[in-house]
Every structure is written in structure tokens, then in C-alpha cells.
2 protein chains.
Amino acid sequence: MPPTDTRSAAPEARQTVTSEAVLDAALTLFAERGYHGTALSQIAERLGIRTPSLYNHMRSKQELLETLVAATLRDVLADFHGAVADSEDPVVQLRAATRVYALRHATHRREALVVNRDTTSLPEPALTEMRERRREHERAIRSIITRGIECGAFAVGNAGLASFAILEMSVSIARWFREGGPRSAEQVADEYAEFALRICRYRG
Amino acid sequence: MPPTDTRSAAPEARQTVTSEAVLDAALTLFAERGYHGTALSQIAERLGIRTPSLYNHMRSKQELLETLVAATLRDVLADFHGAVADSEDPVVQLRAATRVYALRHATHRREALVVNRDTTSLPEPALTEMRERRREHERAIRSIITRGIECGAFAVGNAGLASFAILEMSVSIARWFREGGPRSAEQVADEYAEFALRICRYRG
DNA sequence: CCAGCTAGCTAACGCTCGTAAGTTTCGCTT
DNA sequence: AAGCGAAACTTACGAGCGTTAGCTAGCTGG
């Protein structure tokens with residue numbers, strides 16, 4: 001990720017901005033103030049260019065949001081499928097799935113904040129598509145819990161309720177986690193994976 | 001709560017809007033599209049009046065948000081203090097505190113969504129004040145957990161992590177709960193209170 | 001060494017926003 | 001019946017938004 005120094009002190013080099021840098025700046029500001037609370041002028045300022053120059057690297061403000069959300073949800077699902085591939089055991093799978101999900105929310109805080117706050121601001125074809133991806137993830141977690149109940153590993157009244165609770169407590173890590181704080185992202189993720197199993201009443 | 005019929009079919013009565021109705025309309029729209037995503041014209045339209053007429057019932061758009069957030073956080077803290085007053089037992093207190101918090105998020109979904117999404121859009125004196133109230137709540141939950149660990153009722157690695165997880169999984173109820181769905185608000189609240197104790201590893 | 005592409009720039013657009021000022025309408029009280 | 005006040009209205013403003021058009025400078029490849 002290129003931080004793209006807001007202003008190069010030396011005037012010798014023609015500074016140029018990549019579309020990755022635009023996405024990165026947009027990501028930071030959307031996470032901070034929300035999509036509607038962020039003006040393109042603020043993104044441009046952060047990159048050291050004028051507002052219209054942004055259009056050399058993007059098609060529209062909405063496209064920025066769409067790209068960010070789509071990429072994030074794609075990565076989340078990829079994480080998930082990678083995590084549950086190693087085993088068929090619901091206990092192992094739920095621990096691994098929660099771990100990668102929690103870990104992602106600690107290490108990709110901005111993405112998580114934007115997805116959770118501003119997905120609803122997407123234009124309609126994309127909105128439904130993105131909601132479907134989230135639902136797919138939720139259903140997958142739920143089915144792990146259901147299988148765990150069936151085989152006696154879990155004891156929880158309602159798999160849906162548990163899956164919501166597990167996912168959303170993990171999401172919230174993005175709100176308070178700070179890199180360089182008392183706990184590493186991995187430690188937090190391990191702890192949350194444990195919480196997930198406790199919610200499902202696995203006596204580990 | 002006065003729903004204030006958007007348009008009275010009968011033209012006989014001079015329809016008049018109260019400031020409670022304005023707050024209610026703002027609450028609905030802020031919850032739906034976010035503070036920055038909502039225009040005063042939309043609030044006015046929902047009330048069947050013209051935009052400038054809103055100023056007979058409020059001072060500014062920001063004041064609307066401030067009022068809504070302040071009232072909600074006040075009620076949350078009142079709920080909490082009412083819930084933990086009955087007992088000194090950390091197990092009983094954590095169950096009761098989680099129950100009322102979860103219940104509030106099921107029964108006051110709009111308020112919860114606005115507080116969680118748009119508190120950061122508040123102007124600076126209010127922002128710090130509101131953050132302080134949330135922190136106060138979080139500290140109170142954490143201290144219950146810490147006391148539970150000390151007396152051996154709970155076994156959890158870190159009280160802070162657990163309190164975050166418990167609070168945030170409850171907050172998210174506002175995102176999916178629907179009145180008239182398969183489970184009542186009370187049932188969900190009870191289940192979540194149980195989740196909280198499981199996270200803290202109380203073998204109930 | 002020049003042509004062309006890239007990525008800046010300025011200027012300007014049309015629109016919407018929040019808000020202010022002043023006016024009209026209408027029900028209630030006296 | 002008159003008058004007052006509340007709450008609606010119209011009109012208008014200045015600012016800021018996202019976006020377009022057209023121009024310019026500089027690096028790159030032939």
C-alpha cells in the first residue's frame with residue numbers, strides 16, 4: 001500500500017498518483033467520516049492534487065465505494081473458504097472461520113468500517129449483490145453451527161442467533177483495535193475464536 | 001411515539017407538526033440513509049410540509065442529531081443502572097445488563113443504528129461527551145466481569161475483550177431484528193444474555 | 001528530436017444543500 | 001368580532017458538491 005506522501009518537499013520529481021493511491025486515500029477518509037461525509041476535494045487534497053485530476057484514476061465517487069466494498073467482501077469470502085478447507089469438524093471449522101474473520105477486522109480496520117457503514121449507500125445493482133455475499137458468509141457460518149449441534153459438539157438454542165452474534169462481535173474489532181496496542185491482532189483473533197466456541201457451548 | 005400520518009386524506013383539519021414528530025421522522029431517515037445521506041427536504045416531505053417550516057420545530061440539522069444521540073445514550077445508561085441495582089452478584093448483574101442492552105437494541109433499532117453510525121458526525125463538544133457516556137457503560141460492564149473473575153464465577157482471559165464482544169454483539173441486533181419475526185425481542189434478549197455468560201464461561 | 005500519451009491544471013456547469021427573511025393563513029382566546 | 005401567536009408558506013442566498021471540458025506540461029518510445 002503506497003502512502004503517497006501528501007506533499008513531496010523536493011520539487012524536482014513530477015509526482016504522480018496511481019489509482020491504488022486514490023483508493024487508499026478514499027478508504028481512509030470513508031472510514032473516518034463515512035462515504036457521504038467525505039468530499040472528493042478531501043481525497044484530492046490528501047493526495048496533493050486538485051479535485052478534477054482524480055478523474056484520471058476513477059470513473060466516479062460511487063465507483064470508488066463499489067470497488068472498495070466488492071474487493072473487501074471478496075477477500076472475506078476467500079479467507080473463509082481457505083480457513084474451513086482443512087477439516088470437516090465443525091469445532092475446528094468454527095474456530096478457524098472466526099479466527100480469520102476476527103483477524104481480518106483487526107488488520108483491515110478501514111475496509112471493515114466502510115463496508116459496515118456505507119454498503120447501503122451503493123447503487124442498486126451492486127447493493128443486492130454485496131448483501132448476497134454477506135448472507136452467503138452468514139449462511140455458511142450458520143451451517144457449521146447447525147452441523148455442530150447435530151453431531152452433539154454444540155449446544156445452542158438457535159444457530160442463526162449464534163452466527164449473528166459471532167460475526168458481529170468480530171466485526172466490531174475494527175472499532176476499537178489499535179495496532180501497537182497491548183494485544184496483537186493474532187492474540188485478539190484467537191481469543192475471539194474461543195468466544196465463538198463458548199457461545200456455541202463447546203467445552204474446550 | 002406519534003407516527004404523524006404523512007398525508008391526511010381529509011383536508012378539513014389544519015395539520016400541524018410537533019417537534020417530536022420532526023425528531024421521529026429524522027430518526028427514521030437517519031437510521032435508513034445516515035445523517036449525511038439524509039436531506040432536510042426528505043424529512044420535511046415525510047411530514048408533509050416544506051423544508052423551511054422545519055425551522056419552527058428545531059434549530060438546525062445538527063441539533064436533531066445531537067438530541068437523538070444524547071437521549072438514546074441517556075436511556076441506555078438509565079437501563080443499565082436499573083438493571084444492576086437489584087443484586088451485587090456479578091453473574092446476575094451481567095445477565096441483567098446484557099439483557100436490557102440487547103432488549104433495547106431490538107426495540108429501539110433506529111436509535112441504535114443512528115448512534116452507531118453517526119455519533120462521529122457530531123460537532124466537537126458533544127462528540128467527546130457522547131463518547132464518554134459510551135465509555136462509562138463499557139467500563140461498568142468490564143468491572144462486573146472483573147469482579148466475576150475475582151470471585152471465581154467467570155474465567156476469561158481479558159475482561160476488556162469480553163466486554164467489547166458482549167456489547168457489540170448486542171448492538172448488532174439492531175441490524176437484523178424485525179418485529180413480528182420468528183422470535184420476540186424478549187426471547188432474543190434472553191438468549192444474548194446467555195451468550196454473554198458463556199463468553200465469560202459461566203457454567204449455568 | 002519530435003509525436004503522442006499521460007496526468008496534471010483552471011474554469012465552469014448545474015444541482016442540491018442548509019438556512020434566513022419576510023409573508024400569509026388559521027385556530028384560539030378574549 | 002377582533003386580535004394574537006403559531007406554524008405554515010414563498011422566495012432567495014451562498015456555499016459546496018460531483019462532474020465535464022478544454023488546455024498544458026513533461027516523460028517515453030520511435
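Quick note on labels: first sequence line is chain A, next is B, and so on, each numbered from 1.
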Once you measure the plane-to-plane angle for B/Phe164 and A/Trp176, does it fall in the parallel (<30°), tilted (30-60°) or perpendicular (>60°) bin?
parallel
Over 60° means perpendicular and under 30° means parallel, so classify the ring planes of B/His137 and B/Phe80, tilted if in between.
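Plane angle over 60°, so perpendicular.
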Separation of [N] [atom2] from [X] [atom1] (nearest whole Å):
X: B/Glu45; N: C/dC17; atom1: CD; atom2: P; value: 11 Å
X: A/Arg59; N: D/dG18; atom1: CZ; atom2: P; value: 18 Å
X: A/Leu54; N: C/dA7; atom1: CG; atom2: P; value: 13 Å
X: A/Glu63; N: D/dG18; atom1: CD; atom2: P; value: 15 Å
X: B/Leu47; N: D/dA7; atom1: CG; atom2: P; value: 14 Å
X: A/Ile49; N: C/dT10; atom1: CD1; atom2: P; value: 12 Å
X: B/Leu40; N: C/dC15; atom1: CG; atom2: P; value: 21 Å
X: B/Tyr55; N: D/dT11; atom1: OH; atom2: C1'; value: 15 Å

Just by distance, with hydrogens left out, do B/Glu138 and B/Ser163 show a side-chain donor and acceptor under 3.5 Å apart?
yes
Is the phosphate of [N] approached by [X] (side-chain N or O, under 4.0 Å from OP1 or OP2)?
X: A/His57; N: C/dT6; value: no
X: A/Ser53; N: C/dA7; value: no
X: B/His36; N: C/dC17; value: no
X: A/Thr16; N: C/dG8; value: yes
X: A/Arg50; N: C/dG8; value: no

May I ask you to say what A/Ser60 touches in the nucleic acid, namely base, sugar-phosphate or nothing, with a heavy-atom cut-off under 4.0 Å?
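Answer is sugar-phosphate: A/Ser60 comes under 4.0 Å of backbone atoms only.
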So B/Thr38, base contact, sugar-phosphate only, or nothing? Heavy-atom distance under 4.0 Å.
sugar-phosphate
Nearest 0.5 Å please: distance from the CZ atom of B/Arg139 over to the OG1 atom of B/Thr146.
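Reported value, rounded in 0.5 Å steps: 12.5 Å.
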Map A/Tyr35 and B/Pro52 onto DNA chain D by nearest heavy atom, then report which one ends up closer to the 5' terminus.
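Result: B/Pro52.
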Would you say the side chain of B/Asn56 and the base of D/dA6 hold a donor-acceptor pair, judged only by whether the two atoms sit under 3.5 Å apart?
no
Where do B/Arg198 and B/Glu194 land on the salt bridge (Lys or Arg N to Asp or Glu O under 4.0 Å) test, with the steps shown first?
CA-CA 6 Å; B/Arg198 291 184 185 189; B/Glu194 207 51 45; 5.0 Å; no
